[in-house]
Engineer: 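My structure is below; once you've seen it, I'll send some questions.
Chain letters run A, B, ... following the sequence lines, proteins first and then strands; every chain starts at 1.
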Amino acid sequence: MHESNYKRRSAILSRVKVALSNLDPEQIQTQTQAQTSKNKLPEQARSESSLAASFAKNLNQQFLQNMTGNSALCFECQEEEIPALLHKLLVQEKIKSLVLSGQPQVEKIFQQTLNQAQEDTAFSCDFFRFENNLEELKERLFEVAASLEKAHSGLAETGSLVIRSTKETPRSLSLIPPIHIVLLSSKNIYANFETYLSASKLSSRSSLENTLLISGPSKTADIELTLVQGIHGPLKLIVILYNEAKKL
Amino acid sequence: MEKTFTKNVKQALNNPVLRANYRKALDALAEKRKTAFADISLELPARREAAYALRLNSLHKLPELLSQLEQKLNENGIHVHWAQTPQEANQIAESILRQNNAKKIIKGKSMITEEIRLNDYLEEHGFNVIESDLGEFIVQLAGEKPAHIVAPIIYKNKEQVAKLFAEKLNFHGSSAEELTHAARQFLRKEFYSADAGLSGVNFAVAQTGTLCLVENEGNGRFCTTIPPLHIAFMSLEKVVEKFSDVPLLYSMLCRSASGQKITVYFNMISKPRQKDEKDGPQHVHLIILDNNRSTILSDPLLRKTLLCIRCGACMNNCPVYTNIGGHAYDAAIPGPIGKILMPQIAGMEKYGHLATASSLCAACVEVCPVKIPITDILLKLRAQATSLKNLSFKQRLYSGKLAEKIAFMLWAYIFSSPLRYKLFLKMLHAFPALIPLKVRFTPMLRQWTKTRDFPMPR
């Protein structure tokens with residue numbers, strides 16, 4: 001199998017090489033064009049981002065507007081207000097079970113939420129952490145009502161969340177539960193995908209983690225182009241954009 | 001094949017429900033595309049030019065980029081396989097599945113697997129394959145083929161889907177929402193228990209060894225996240241050089257395909273599950289398919305067929321596609337891009353006639369986000385298909401190609417002299433009076449007079 005794979009590989013690559021030796025008169029021209037256009041685009045993006053950076057508040061507003069446009073339920077608050085908001089949301093959305101990411105901050109915030117909710121005798125919410133392998137948690141994950149995690153960053157231009165798959169934030173956390181609740185620090189909003197890539201040096205690293213852009217709840221328009229929310233992924237996406245508390 | 005095509009076209013043109021379904025959906029898609037570009041309409045020409053340059057650059061560097069992609073993927077722990085033909089691709093997939101003892105397979109939407117007829121192959125070999133994209137799932141339930149590369153069931157209305165769900169899933173509902181949620185319930189069980197997930201690839205980044213997958217539903221995520229084995233399929237032209245090439249191409253794809261600024265999910269898959277990770281497939285394989293693309297590359301014009309990023313905008317804006325629908329083409333990829341791609345990958349004998357099914361109106365060229373000169377390529381393929389050199393005398397006589405030649409010779413003879421031209425016109429005026437209107441046996445005019453009457457001269 002390996003040897004024949006190598007043979008097929010060589011056959012294909014050598015055919016491609018021979019084929020391309022038939023030069024296109026446009027080829028040299030477009031190569032330089034590609035170079036200039038590539039130089040131009042990130043530059044354009046950079047200038048947009050520096051402009052945006054000086055109006056960080058606008059960036060937040062742009063993000064919220066576009067994320068709402070993408071049918072996500074969005075909230076903006078101060079970091080210390082999150083537990084109260086989360087409590088309200090869990091009640092409002094009748095969320096009775098929750099799976100948490102392994103991020104310490106998420107754990108802390110959820111603990112605070114539980115403490116706050118102690119006075120609310122009607123409130124109850126089972127929860128577990130995503131700290132075992134998928135195989136062990138599969139059944140519970142397909143039954144749990146919602147998930148809670150913190151996003152790596154956000155993109156203002158398209159209203160997108162950037163979620164990197166790590167040991168603390170497994171991929172299926174944002175996929176299986178019907179409601180996906182995401183915390184996002186306003187510090188981590190980029191103007192667009194281009195600026196995110198150049199800032200995170202993703203493009204120059206030899207390898208990277210599995211990364212995901214999420215722009216709204218799962219949807220489809222396959223039947224008569226009628227837009228329906230919630231086909232395979234979450235039916236609802238809730239985004240809490242917060243301003244970090246000033247460190248004393 | 002040509003006869004089948006003519007028959008398909010006739011059937012489609014005589015099916016008012018089908019034509020209404022298409023018209024409604026395609027007009028809406030074309031309109032959505034226009035709206036999607038409204039905010040950047042001034043930049044659009046520059047963006048198309050840049051996207052074209054990026055794609056052409058990747059094609060010109062293919063050997064290096066493919067090697068680099070393979071090396072990076074290997075470093076990341078993803079196995080790379082090479083297939084020259086659909087048969088080889090299918091066999092490789094089969095052997096990977098057998099090695100992993102996988103029997104139940106869940107599939108994300110992928111046009112390349114349609115091209116190689118993977119489902120048929122795997123089912124013949126005893127595997128259970130389930131399509132999970134809503135449109136493809138419905139196509140599979142109905143035992144049909146997708147009719148559009150982005151909207152597979154564009155030809156069906158919701159009443160037809162409701163009837164199908166009642167028959168096959170014993171689900172009774174009528175709204176798009178009810179039907180969609182019924183499919184969700186059904187497919188969740190399949191995602192839960194599948195042994196392997198299959199997917200396509202929209203862009204493969206050579207620089208980082210990353211497989212990008214564009215989708216709205218989340219089924220692509222399920223297929224590439226939950227089962228322990230993931231096999232991805234791509235044709236060799238899908239590779240791009242750098243990660244910084246991706247945002248522009250992705251944005252052009254979304255806006256052109258469905259009129260969205262961005263799709264719900266953009267997956268960047270780089271690695272199988274790592275030691276400390278809790279989920280993701282343990283094994284990831286990529287099958288890279290040639291299927292005659294290396295031959296297409298040898299012609300500088302035809303090569304541009306491979307710039308395509310499969311947005312489907314050419315179909316949504318094509319007057320021929322709108323009227324005859326996707327199934328008439330009887331090809332994995334229909335519409336304008338199919339007309340130029342299919343004859344080149346599956347052979348002129350089988351698909352050469354598709355190149356004639358165009359009025360050369362160039363609506364497709366106008367909307368193509370990577371500026372593929374579809375009409376130029378069509379003309380070149382037509383010239384190849386009609387070249388008399390390749391035909392025997394008998395074939396020439398019966399193919400109509402000889403008649404065509406003679407007709408043009410006569411035309412040139414008549415039009416090159418004023419006297420002959422005048423005489424010819426006189427004759428034409430007298431001509432209709434010579435044909436009894438109700439007799440429709442007039443050779444050559446029969447086709448035309450079947451649905452219309454020959455106008456009498458005033």
Engineer: Would you check if Leu197(A) and Val246(B) make a side-chain contact, meaning some heavy-atom pair closer than 4.5 Å?
Structural biologist: no

Engineer: Using every non-hydrogen atom in the two residues, find where Ala19(A) and Arg303(B) come nearest and quote the distance to one decimal.
Structural biologist: O-NH2, 3.6 Å

Engineer: Under 4.5 Å heavy-atom distance to chain A, tell me which part of Thr210(B) shows up: side chain, backbone, both or neither.
Structural biologist: side chain

Engineer: Name the option with the most non-hydrogen atom pairs under 4.5 Å to chain A; the candidates are His181(B), Arg221(B), Lys261(B), Arg273(B).
Structural biologist: Arg221(B)

Engineer: Out of Ile154(B), Leu62(B), Asn157(B), return the one with the most heavy atom pairs under 4.5 angstrom to chain A.
Structural biologist: Asn157(B)

Engineer: Under a 4.5 Å heavy-atom cut-off, does chain B meet the side chain of Pro217(A), its backbone, both or neither?
Structural biologist: backbone

Engineer: Would you say the side chain of Tyr265(B) lies within less than 4.5 Å of the side chain of Ile214(A), judging by non-hydrogen atoms?
Structural biologist: yes

Engineer: Let me know if Gln185(B) has heavy atoms under 4.5 Å from chain A in its side chain, its backbone, both or neither.
Structural biologist: neither

Engineer: Determine the minimum heavy-atom distance between His232(A) and Leu187(B), stating which atoms define it.
Structural biologist: CE1-CD1, 3.4 Å

Engineer: State, without any angle test, whether Thr224(B) and Arg171(A) hold a side-chain donor-acceptor pair at a distance under 3.5 Å.
Structural biologist: no

Engineer: What part of Leu212(A) is in contact with chain B, defined as an atom under 4.5 angstrom from a non-hydrogen atom: side chain, backbone, both or neither?
Structural biologist: both

Engineer: Nearest 0.5 Å, please: how far is CG in Asn132(A) from CG in Asp279(B)?
Structural biologist: 12.0 Å

Engineer: So which atom in Glu277(B) and which in Ser165(A) form the shortest heavy-atom distance, rounded to 0.1 Å?
Structural biologist: OE2-OG, 2.5 Å

Engineer: Side chain, backbone, both or neither: which part of Thr263(B) has an atom under 4.5 Å from a heavy atom of chain A?
Structural biologist: backbone

Engineer: Heavy atoms only, distances under 4.5 angstrom: which of Gly280(B), Pro247(B), Gly218(B), Ser175(B) has the most pairs with chain A? Name it, please.
Structural biologist: Pro247(B)

Engineer: What distance separates Trp82(B) CH2 from Arg9(A) CZ, expressed to the nearest 0.5 Å?
Structural biologist: 5.5 Å

Engineer: Contact part of Asn21(B) toward chain A, heavy-atom cut-off under 4.5 Å: side chain, backbone, both or neither?
Structural biologist: neither

Engineer: Among Ser132(B), Ala151(B), Pro152(B), which residue has the highest count of heavy-atom pairs closer than 4.5 Å to chain A?
Structural biologist: Ser132(B)

Engineer: Identify which part of Gln274(B) has an atom lying under 4.5 Å from any heavy atom of chain A, answering side chain, backbone, both or neither.
Structural biologist: neither

Engineer: With only heavy atoms counted, which part of Val80(B) is less than 4.5 Å from chain A, the side chain, the backbone, both or neither?
Structural biologist: backbone

Engineer: Please report the shortest heavy-atom distance between Ala83(B) and Ile12(A), naming the atom on each side.
Structural biologist: O-CD1, 3.5 Å

Engineer: Need one label for Ser71(A): side chain, backbone, both or neither, based on atoms under 4.5 Å from any heavy atom in chain B.
Structural biologist: neither

Engineer: So for Gln260(B), is it side chain, backbone, both, or neither that comes closer than 4.5 Å to the heavy atoms of chain A?
Structural biologist: side chain

Engineer: Take atom NZ in Lys236(A); do more than 12 heavy atoms of anything else shown fall under 6.0 Å from it?
Structural biologist: no

Engineer: If I measure from the heavy atoms of chain B, does Ser14(A) come under 4.5 Å with its side chain, its backbone, both, or neither?
Structural biologist: neither

Engineer: I'd like to know whether Leu137(A) forms a side-chain contact (heavy atoms from CB on, under 4.5 Å) with Lys278(B), so could you lay out the CA-CA distance, the side-chain angles of the two residues, the decisive distance to 0.1 Å, and finally the verdict.
Structural biologist: CA-CA 10 Å; Leu137(A) 292 174; Lys278(B) 310 284 188 291; over 6 Å; no

Engineer: Heavy-atom pairs under 4.5 Å with chain A - which of Asn267(B), Asp276(B), Ile138(B) has more of them than the others?
Structural biologist: Asp276(B)

Engineer: Using heavy-atom distances under 4.5 Å, tell me whether Glu139(A) contacts chain B through its side chain, its backbone, both, or neither.
Structural biologist: both

Engineer: So which part of Leu236(B) gets closer than 4.5 Å to some heavy atom of chain A, the side chain, the backbone, both or neither?
Structural biologist: side chain

Engineer: Is chain A contacted by the side chain of Lys158(B), its backbone, both, or neither, given a heavy-atom distance below 4.5 Å?
Structural biologist: both

Engineer: Give, as side chain, backbone, both or neither, the part of Ile176(A) having an atom under 4.5 angstrom from any heavy atom of chain B.
Structural biologist: both

Engineer: Quick check: closest heavy atoms across Asn210(A) and Ser270(B), and the distance to 0.1 Å?
Structural biologist: OD1-N, 2.6 Å

Engineer: Within the distance-only criterion (no hydrogens, no angle test), does the side chain of Glu217(B) pair as donor or acceptor with the backbone N or O of Ile231(A) below 3.5 angstrom?
Structural biologist: no

Engineer: If I measure from the heavy atoms of chain A, does Leu66(B) come under 4.5 Å with its side chain, its backbone, both, or neither?
Structural biologist: side chain

Engineer: Hey, what's the ring geometry for Phe142(A) with Phe222(B), parallel, tilted or perpendicular (30° and 60° as the breaks)?
Structural biologist: tilted

Engineer: Taking atom NZ of Lys24(B) as the centre, does the number of heavy atoms from other residues, nucleotides or ligands within less than 6.0 Å exceed 12?
Structural biologist: no

Engineer: Is Leu211(B) in contact with chain A via its backbone, its side chain, both, or neither, using a 4.5 Å heavy-atom distance?
Structural biologist: neither

Engineer: With only heavy atoms counted, which part of Ile262(B) is less than 4.5 Å from chain A, the side chain, the backbone, both or neither?
Structural biologist: side chain

Engineer: Hey, does His79(B) have a side-chain heavy atom less than 4.5 Å from the side chain of Asn5(A)?
Structural biologist: no

Engineer: Quick one: which of Asn216(B), Val150(B), Ile153(B) has the most heavy-atom pairs under 4.5 Å with chain A, could you say?
Structural biologist: Asn216(B)

Engineer: Can you name the nearest heavy-atom pair linking Ser172(A) to Ile226(B), along with the distance?
Structural biologist: CB-CD1, 3.9 Å

Engineer: Please report the interatomic distance CG(Asn292(B)) to CZ(Arg15(A)), rounded to the nearest 0.5 Å.
Structural biologist: 8.0 Å

